[in-house]
Amino acid sequence: MKHANAKILIADDEQAITSGLSAILADEGYTVDIAPDGQKALERLSEDRYGVILADLKMPKLDGLSLLRELQSKQIPTECIIITGQATVDSAVQAMQQGAYDYIEKPLNADKLNRLKALIPKAIEKFAVQQKNRELTSRLEGLTHYAELTGESEVMREVYQVIDAVASSTASVLILGESGTGKELVARAVHSKSERAKGPFFALNCAALPKEILENELFGHEKGAFTGSTNEKPGAFEMASGGTIFLDEVAEMSPDIQVKLLRALETRMVRRLGGKKEIQVDIRIVAATNKDLQKALADGELREDLYYRLAVVQIDLPPLRDRSQDIRLLATEFLQRYSSQNGKKIGDFDPPAWDWILSYNWPGNVRELKNAVERSVIMARGDKIAANDIMPRHLRNAAEVPTAVTFQVGGSMADARRRLVLSTLASNNGDLERATKTLGMSIDEVRRELRALLDGAGSGEAVSDEDDGGAGVARTPRSADVPPRAASAPKKPAPKKK
């Protein structure tokens, strides 16, 4: 039976309708149950799983609209098709606005039944997709690792969910994310979760290879194709056949290679350098870039037609600062890994080290965190990592700026204010947002003070946004405020050329 697992519940108090519909749908291959009123229907829906319920709008104990509300409040995922008389079509439309899948009018003549037969498979398909998403969300809840990826934050679970959905398909994938976020690990996860997992995985960095070498690595060459090519060499497209090619920094690829790549993706055929025959390949492309995509397209760095080929599914990988919930998990995992590799027994970071790790902005993302932990393990002398072990030297020096600021008696308040801003900014490793919180000032106020310092305003007062039209430019001292000095003799004007 073609719909053996798709159960349908009919809720109606008219026995003629329930028995007739039940027989028709059973002939179509569905498993059908009947409820004589809305309350019985709700009990059945709470006890068993149904893909679709056909609910009469007017029935005893619980009408169709009330039943729909109960389904939603109890988060019962069954799709609801309302059966209504002509006098209550407005109510049926209202039911659709509240989440019903569709409605069908009585009397159920041949045309109406044909429409119902067409509606039910679509409703069941929607139920099945949503059920799969719910199961996936439930499975990913609380997950800390997915393939080689680590993270339990909501943004990372969203990434896992997209990978899980796309892995089983043949679609090309484009991964967007800053440098150091783990784009290759996402590509490997797509490969390992797919049916190509037993096939090869080839990773090529388009930015690291010169044009000629990249072309050769992708497409290979025939013997004698260029000076020094004494043997034929298959390219990544041939060697990765049956598997996945990961093209990192794809926007760095030269335009003529992008054209060849586009053709290979469209035809699934490649030609080696110096070759004449077309070679059929079976590959999946996963590409990545850390560039601003719209800018890369506008500047012609990435061909638009190639982009649409690569980005059938797009995965946005968040920077580490947007997944701060994962920092402790990642740092602990790296500590365990590198302690083991270096034969050290280091169990934890001390509290000041944790304070710095969790407050630092990590502009280099996961890669920077990993390198910092590895370095700290090597440098550590005790059984815990200290703040000085993990902080890079240039940030350590910034952190060593005295926390007390000394002001000279007789100095201006404006000068004292700027000294305080500069010192606080330095003690926060240049992190503007943290400095503003410490100072209790707005970002615009701090920026105005910094601009005043850069403009050499000395003890002059900073102009307010209202005075300078919002530009925040510092006012230089008036000439009347400048101490008198010896006047220099005026220069004679240069003689005019005749």
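Keep in mind the model is a prediction, meaning the values are calculated, not measured.
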Inter-residue atom distance [X].[atom1] - [Y].[atom2], 0.5 Å rounding:
| X | Y | atom1 | atom2 | answer |
| --- | --- | --- | --- | --- |
| C206 | F246 | SG | CZ | 9.0 Å |
| I357 | S376 | CD1 | OG | 7.0 Å |
| M156 | I163 | CE | CD1 | 7.0 Å |
| L297 | L306 | CG | CG | 9.5 Å |
| L265 | I283 | CG | CD1 | 5.5 Å |
| T267 | L262 | OG1 | CG | 9.0 Å |

With a 4.5 Å heavy-atom cut-off, do [X] and [Y] have their side chains touching?
| X | Y | result |
| --- | --- | --- |
| R196 | D282 | yes |
| K345 | D383 | no |
| S46 | I76 | yes |
| L218 | M253 | yes |
| L247 | L261 | yes |
| F127 | V52 | no |
| E79 | I124 | no |
| L302 | K291 | no |

How close do [X] and [Y] get, counting heavy atoms only, and between which atoms?
| X | Y | answer |
| --- | --- | --- |
| A372 | I390 | O-CG1, 3.8 Å |
| L204 | A236 | CD1-CB, 4.1 Å |
| L9 | A41 | CD2-O, 3.7 Å |
| S194 | A167 | CB-O, 3.0 Å |
| L335 | V373 | N-CG1, 3.5 Å |
| D305 | R303 | OD2-NH2, 2.7 Å |

Hey, is [X] close enough to [Y] for a salt bridge, meaning N to O under 4.0 Å?
| X | Y | answer |
| --- | --- | --- |
| E184 | R188 | yes |
| E266 | R263 | no |
| R44 | D48 | no |

Please list, chain by chain and in numerical order, all residues satisfying side chain to side chain contact (heavy atoms under 4.5 Å, CB included) with M441, sequence neighbours excluded.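 Side chain to side chain contact (heavy atoms under 4.5 Å, CB included) check on M441 returns R417, V421, L439, E445, V446, E449.
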
Ignoring hydrogens and geometry beyond distance, is a side-chain donor-acceptor pair present between [X] and [Y] at under 3.5 Å?
| X | Y | value |
| --- | --- | --- |
| D256 | S254 | yes |
| R367 | S179 | yes |
| D326 | S153 | yes |

For the backbone of [Y] and the side chain of [X], can you confirm whether one donor and one acceptor N or O come within less than 3.5 Å of each other?
| X | Y | result |
| --- | --- | --- |
| S340 | Q336 | no |
| R284 | A171 | yes |
| S192 | A189 | yes |
| E217 | L209 | no |
| N365 | L320 | yes |
| S359 | D355 | yes |
| K183 | D248 | no |
| K344 | A380 | yes |
| K7 | R49 | no |

Given I53, which partner from the list I8, I81, L67 fulfils the side chain to side chain contact (heavy atoms under 4.5 Å, CB included) test?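 It is L67; the other options fail the test.
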
In a check of side chain to side chain contact (heavy atoms under 4.5 Å, CB included) between F334 and each of L369, V377, T150, which one passes?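 Answer after filtering L369, V377, T150: L369.
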
Among K233, R272, R268, the one residue meeting salt bridge (charged side-chain N to carboxylate O under 4.0 Å, His left out) with E238: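 The option that passes is R272.
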
Around atom CD of E43, are there more than 12 heavy atoms from other residues, nucleotides or ligands closer than 6.0 Å?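 Above 12, so yes.
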
Once side chain to side chain donor-acceptor pair (under 3.5 Å) is applied, do any residues pair with Q258, and if so which ones, sequence neighbours excluded?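 Per chain and number, Q258 pairs via side chain to side chain donor-acceptor pair (under 3.5 Å) with no residue.
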
Taking the six-membered ring of Y146, is NZ or CZ of K193 closer than 6.0 Å to its centre and within 45° of its axis?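 Yes, K193 sits over the ring of Y146.
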
